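Have a look at the structure below, then the notes.
We name chains A, B, ... by the order of the sequence lines, and we start the count at 1 in each one. Owing to the predicted nature of the structure, the values given are computational and were not obtained by experimental measurement. Because only heavy atoms are used, hydrogens play no part in the values below, and waters and symmetry mates are left out as well, while side chains stay in.
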2 protein chains.
Amino acid sequence: METDAALSILTALAHPTRLATFRLLVQHEPDGLSTGQLVEASGLSQSTFSTHLAVLVKAGLVVPEKRGRQQIQRVSIDALRGLMLFLAKDCCEGRAELCEPLLAELACC
Amino acid sequence: METDAALSILTALAHPTRLATFRLLVQHEPDGLSTGQLVEASGLSQSTFSTHLAVLVKAGLVVPEKRGRQQIQRVSIDALRGLMLFLAKDCCEGRAELCEPLLAELACC
DNA sequence: ATAACCCATCGGATAATTCCGATGTATTTC
DNA sequence: GAAATACATCGGAATTATCCGATGGGTTAT
């Protein structure tokens, strides 16, 4: 993952509404949720939420799929993996002693 | 990790200068770098960089240590682990099939 | 003491983000 | 075809972020 892509993802997640939306969609994998359901969950106006969603989609964290006049939204686990790999990369390369505690806790599952 | 703490970390990393600073410090673990060295690496004015550094410190990603009239900066691997755990948590809990690809690639080291 | 050095904070200008209601574009239903 | 539904996009107002030079506080060297 390039630095610009990582920055897009970090920026997308660095907002309460967008982070909550992302987490909600993770919990609803793999079915996803419609944009309308996400609007309702956000408590914001439809137009405001639409711009937030666009940020998530542009960053590649959320992938929309047309279904009639609705739009089903799903998260991209690939994008999340890319970000985590990017963040861990610098300590993984050549300094496994730093990376070890990272992985130890992630092995929870 | 609480949502607010995760948001602070994400916001801190969602800026080119701050992300580059964080990565540079990871590469210089465990010795760290002085604030002056970081200022030079950033290419920004001293005052501007100081505010960026303060964001990283407030988020807990960077820990300063006084050394004479200098200030040595080091990253907190704990904070990074906390963020990664937070991001992975929602898919780890009860849906190991989502989490598996995350861990598979992180096992690079 | 005085000067030099390192870094944080202040004041202020510019740019970006965030929010909303209103309007536009498809799609479905009647 | 007309009305209704789902969502995106357009203006515009308010807030926040970003940047800088200048100043201040504390530490070391002369």
Side-chain angles (χ1 to χ4, degrees), chain A residues 3-25 28 31-76, chain B residues 3-25 28 31-76:
Chain A
T3 300
D4 285 353
L7 270 173
S8 290
I9 292 183
L10 289 167
T11 301
L13 293 177
H15 186 281
T17 296
R18 295 194 296 260
L19 181 58
T21 299
F22 174 76
R23 297 182 70 193
L24 189 60
L25 285 178
H28 281 81
D31 298 334
L33 290 173
S34 72
T35 307
Q37 291 176 302
L38 293 173
V39 168
E40 194 172 1
S42 75
L44 295 175
S45 77
Q46 181 266 321
S47 67
T48 298
F49 182 81
S50 183
T51 60
H52 281 308
L53 183 60
V55 173
L56 288 167
V57 171
K58 191 168 185 187
L61 272 171
V62 170
V63 178
E65 180 194 339
K66 291 200 65 167
R67 180 179 299 177
R69 58 186 159 190
Q70 293 198 103
Q71 201 101 4
I72 304 298
Q73 311 290 340
R74 293 190 185 84
V75 291
S76 164
Chain B
T3 299
D4 285 352
L7 269 173
S8 290
I9 293 182
L10 288 166
T11 300
L13 292 178
H15 186 281
T17 296
R18 295 194 295 260
L19 180 58
T21 299
F22 173 76
R23 297 181 70 194
L24 189 60
L25 286 178
H28 281 81
D31 298 333
L33 290 172
S34 71
T35 306
Q37 291 175 301
L38 293 173
V39 168
E40 195 172 2
S42 76
L44 295 175
S45 77
Q46 181 267 321
S47 67
T48 298
F49 182 81
S50 184
T51 60
H52 281 309
L53 184 59
V55 173
L56 288 166
V57 170
K58 190 167 187 187
L61 273 172
V62 169
V63 179
E65 179 194 338
K66 292 199 67 169
R67 179 178 300 177
R69 59 185 157 188
Q70 293 197 102
Q71 200 100 4
I72 303 297
Q73 312 290 339
R74 292 191 186 82
V75 291
S76 165

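- Nearest to the side chain of B:Ser34, among D:dC20, C:dC7, D:dC7, sits C:dC7.
- Taking for each of B:Gly68 and A:Gln71 the nucleotide of DNA chain D with the nearest heavy atom, the 5'-most of the two is the partner of A:Gln71.
- Side-chain atoms of A:Thr35 and A:Ser50, non-hydrogen and from C-beta on, never get closer than 4.5 Å to each other.
- Spacing between atom CD of A:Gln70 and atom C1' of D:dA8 amounts to 15 Å, rounded to whole angstrom units.
- Between the CD atom of B:Gln73 and the P atom of C:dC7 there is a distance of 8 Å, rounded to whole Å.
- Going from atom CG of A:Leu10 over to atom CD1 of B:Ile9 covers 11.0 Å, rounded to the nearest 0.5 Å.
- The phosphate of C:dA8 (OP1 or OP2) has a side-chain N or O of B:Ser50 nearer than 4.0 angstrom.
- Checked against C:dC20, C:dT9, D:dC7, the side chain of A:Ser47 finds its nearest nucleotide in C:dC20.
- Phosphate proximity of D:dC7 to A:Thr35: present, with a side-chain N or O under 4.0 Å from OP1 or OP2.
- Between A:Ala14 and B:Ala54, the one whose closest nucleotide on DNA chain C sits nearer the 5' end is B:Ala54.
- Looking at A:Gln46, its side chain has no donor and acceptor atom pair within 3.5 Å of the base of D:dA6.
- For B:Arg69 and D:dA29, the shortest distance from a side-chain N or O to OP1 or OP2 is not below 4.0 Å.
- Not one side-chain nitrogen or oxygen of B:His15 sits closer than 4.0 Å to the OP1 or OP2 atom of C:dA16.
- Look at A:Ser45 and you'll find a side-chain N or O under 4.0 angstrom from OP1 or OP2 of C:dC20.
- Close to C:dT27, at under 4.0 Å from its OP1 or OP2, lies a side-chain N or O of A:Lys66.
- Here the side chain of A:His52 is nearest to one of C:dC19, D:dC7, C:dC6, namely C:dC19.
- With A:Arg18 contributing its side chain and A:Ala12 its backbone, the two residues share a donor-acceptor pair below 3.5 Å.
- We find that CG of B:Leu56 is positioned 16 Å from C1' of C:dC7, with the value rounded to whole Å.
- Rounded to whole Å, atom P of D:dA17 lies 12 Å from atom CG of B:Leu7.
- The closest donor-acceptor contact from the side chain of A:Thr51 to the backbone of A:Thr48 lies under 3.5 Å.
- The CD atom of A:Glu65 sits 17 Å away from the P atom of D:dA6 (whole-angstrom rounding).
- Remark: the backbone N or O of A:Arg67 is not paired with any side-chain donor or acceptor of A:Gln70 at under 3.5 angstrom.
- In this structure, B:Phe49 atom CZ and C:dC6 atom P are separated by 15 Å, rounded to whole Å.
- In this structure, of D:dA8, C:dC6, C:dT18, it is D:dA8 that holds the atom nearest to the side chain of A:Leu53.
- For B:Ser42 (side chain) and B:Val39 (main-chain N/O), a donor-acceptor pair under 3.5 Å exists by modelled atom type.
- When distances are taken from the side chain of B:Leu44 to each of D:dC19, D:dT27, C:dC20, the shortest belongs to D:dC19.
- Atom CZ in B:Arg67 sits roughly 16 Å away from atom C1' in C:dC7 (whole-Å rounding).
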